[in-house]
Colleague: 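This is the structure, below, for whatever I ask next.
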Protein chains: 2
Amino acid sequence: MTAEPPVPATGDTAGEPAQRRRRDAAETRQLLLDAARQRFARDGYAATTVRDIADDAGVNVALISRYFTSKEGLFEACLRAAGDELRRTTGQTPADRVPEAIARHIADLGAAGLSSQLSLLLRSSGDAGADEIRRGVLVRSSEQLAAARGWRPGEPGSEQLLLRAQMALAAGIGVAVLRSSIQLQPLSSATEQDLVGPLRDLVDALLPPH
Amino acid sequence: MTAEPPVPATGDTAGEPAQRRRRDAAETRQLLLDAARQRFARDGYAATTVRDIADDAGVNVALISRYFTSKEGLFEACLRAAGDELRRTTGQTPADRVPEAIARHIADLGAAGLSSQLSLLLRSSGDAGADEIRRGVLVRSSEQLAAARGWRPGEPGSEQLLLRAQMALAAGIGVAVLRSSIQLQPLSSATEQDLVGPLRDLVDALLPPH
DNA sequence: ACTAGATGTAAACGTTTGCTGACTTAGCCA
DNA sequence: TGGCTAAGTCAGCAAACGTTTACATCTAGT
């Protein structure tokens, strides 16, 4: 459904961040989105309750239904945000800088970290619509990654390259989850510097620079 | 009434021999275990209901509490079974055959497949005890994997090797999940032969044969 | 200043969840 | 056979879930 909540009238007094309104639909929406992304990424969809999210955001539960129609709608919004972020990374990164970019994503364990957006991508919601969004995000990201190493759609024999790009993506997501969600040591406490070397080896082995 | 040993120790899953006891605690336990492993791996812990599991196993719900105390107890039992299986693979495999072994695990997409046991390892239950078991399984498996490439506990500078082994494990689990749970194409329909090559490159890059 | 609509609140709805206790039935031995 | 115990069934509880409804309060435009 394209159920759009009452459009947050942010058009007024644009570019006025200093003046924080006490009632700001756009800000409330964003608070919910941030809280939900963290919860969904860390605990999974089913284990996360809408009351948890609302409490984290410091906001009333009913506003989830108001702004995102339902819990599923909120999850889909999180997926889209994570997909945009990921595509931005894999898209506008020079081919030889991909391992560093992935390492930066994975290493960022902060509360609002990019790592949680990676973990989000393998949390299933049980909702068919969300699954489709997630697949689309992953397909596009892996295609961008493969393209950076010479893959062209439909080219014979290039299926192998796409497969290898997807495995590299899977590896990155796996590392992100074992770090943030499972908290496996010493992987969990490794720094970005610790990760970038092995990741470079990994990516270069799967996708040889051409 | 033909006398039958009290515990037939049934090993088969589907094959229904004519002489199946109508009341067999050991078999019922195993039916529940198999059904639970599949459900937990595919849908996650929180999204799986005990009624779902019982229905899949063709067994009454109350028997879960009887045989496994609780839903969490059943999950922990699944985790232990998956851990034994994984440790058996990483443990008694020659160092240079590790990629093949991992590929075999990942490629097995059957209903009672080994792949689902890999996916199980990154499903969180929200239970502290289960999380500890999972961490233990992953730590031991990664140590075995690292040891096969020369890692020795406590040796200075070998932390790097363990880290790389955990990343290889993470990569394998990530691939398994994207294949079975997310169903990402073409990764999902790749055969064992398709996977073993890239996996060999991946493992060798992370853990150079010494 | 007044009002209409946007924004937020509180409480409850109906459903589903994991789990339990009392019950019935099958299997086995004396 | 009779009877005792293991194995399985059944109905239902209390809590938690997502969602909705009715209401209160703030903000913006006139």
Side-chain angles (χ1 to χ4, degrees), chain A residues 1 3-14 16 19-32 35-36 39-40 43-78 125-127 130, chain B residues 1-8 10 19-32 35-36 39-40 43-78 125-127 129-130:
Chain A
M1 306 298 196
E4 202 58 27
V7 172
T10 65
D12 50 61
T13 68
E16 200 92 15
Q19 185 91 350
R20 154 101 191 268
R21 292 208 327 224
R22 290 169 58 193
R23 292 190 163 197
D24 187 331
E27 170 156 352
T28 300
R29 235 188 91 104
Q30 192 59 47
L31 284 174
L32 282 172
R39 280 277 183 181
F40 284 145
D43 304 333
Y45 178 84
T48 300
T49 73
V50 289
R51 287 175 173 86
D52 288 339
I53 298 173
D55 287 353
D56 284 357
V59 147
N60 192 280
V61 203
L63 298 180
I64 289 179
S65 297
R66 185 196 288 280
Y67 290 131
F68 300 96
T69 309
S70 66
K71 183 188 181 187
E72 278 182 4
L74 176 54
F75 183 72
E76 293 187 9
C78 290
S125 70
D127 172 42
Chain B
M1 292 178 281
T2 53
E4 201 62 27
V7 176
T10 65
Q19 57 173 65
R20 145 115 195 258
R21 289 213 341 213
R22 293 165 57 188
R23 293 190 164 197
D24 187 330
E27 170 156 352
T28 300
R29 234 189 92 103
Q30 191 60 47
L31 284 174
L32 282 172
R39 281 278 183 180
F40 283 146
D43 304 332
Y45 178 83
T48 300
T49 72
V50 291
R51 287 174 172 85
D52 288 338
I53 298 173
D55 287 352
D56 285 356
V59 146
N60 192 280
V61 203
L63 298 180
I64 290 179
S65 298
R66 185 196 285 282
Y67 291 133
F68 300 96
T69 309
S70 66
K71 184 189 181 186
E72 278 182 3
L74 177 55
F75 183 72
E76 293 187 6
C78 290
S125 69
D127 172 44

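Proteins come first, then strands; the chains are lettered A, B, ... in the order of their sequence lines, and each starts at number 1. These values consider heavy atoms only, across backbone and side chains, with no hydrogens, waters or symmetry-generated copies. Note that the structure is predicted; figures quoted are calculated from it, not measured.
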Colleague: Measuring from atom CZ of B/Arg51 to atom CG of B/Asn60, what distance do you get when rounded to the nearest 0.5 angstrom?
Modeller: 10.0 Å
Colleague: Considering all heavy atoms of both residues, which atom of B/Tyr45 and which atom of B/Lys71 are nearest to each other, and what is their separation?
Modeller: O-NZ, 3.1 Å
Colleague: With nearest nucleotides of DNA chain D determined for A/Ala46 and B/Arg51 from heavy-atom distances, which residue corresponds to the more 5′ nucleotide?
Modeller: B/Arg51
Colleague: Output the rounded distance in Å from CG (A/Leu32) to P (D/dT19).
Modeller: 13 Å
Colleague: When rounded to the nearest 0.5 angstrom, what distance separates OG1 in A/Thr49 from CZ in A/Arg39?
Modeller: 7.0 Å
Colleague: Is the ring pair A/Phe40/A/Phe75 parallel, tilted or perpendicular, if the boundaries are 30 and 60 degrees?
Modeller: perpendicular
Colleague: Below 4.0 angstrom from OP1 or OP2 of D/dG8, is there any side-chain N or O of B/Thr28?
Modeller: yes
Colleague: Are the side chain of A/Thr48 and the backbone of A/Gly44 linked by a donor-acceptor contact shorter than 3.5 Å?
Modeller: yes
Colleague: If you take all heavy atoms of A/Ala46 and B/Ala47, which pair is closest and at what distance?
Modeller: CB-N, 3.5 Å
Colleague: Taking B/Leu74 as the fixed residue, which of B/Val50, B/Ile64, B/Thr69 is the one that meets the side-chain contact (heavy atoms from CB on, under 4.5 Å) rule?
Modeller: B/Ile64
Colleague: Atom CG of A/Leu32 and atom OH of A/Tyr67: how far apart are they, to the nearest 0.5 Å?
Modeller: 8.5 Å
Colleague: Hey, what do you get for CZ (B/Phe68) to CD (B/Glu76), rounding to the nearest 0.5 Å?
Modeller: 11.5 Å
Colleague: Near DNA chain C, under 4.0 Å by heavy atom, which residues of residues 52-62 of chain A?
Modeller: A/Asn60, A/Ala62
Colleague: Let's see if you get this right: which residues in residues 63-76 of chain B place a heavy atom under 4.0 Å from DNA chain D?
Modeller: B/Leu63, B/Arg66, B/Tyr67
Colleague: At a cut-off of 3.5 Å, list every protein nitrogen or oxygen paired with a nitrogen or oxygen from nucleotides 1-6 of chain D, distance to 0.1 Å.
Modeller:
none

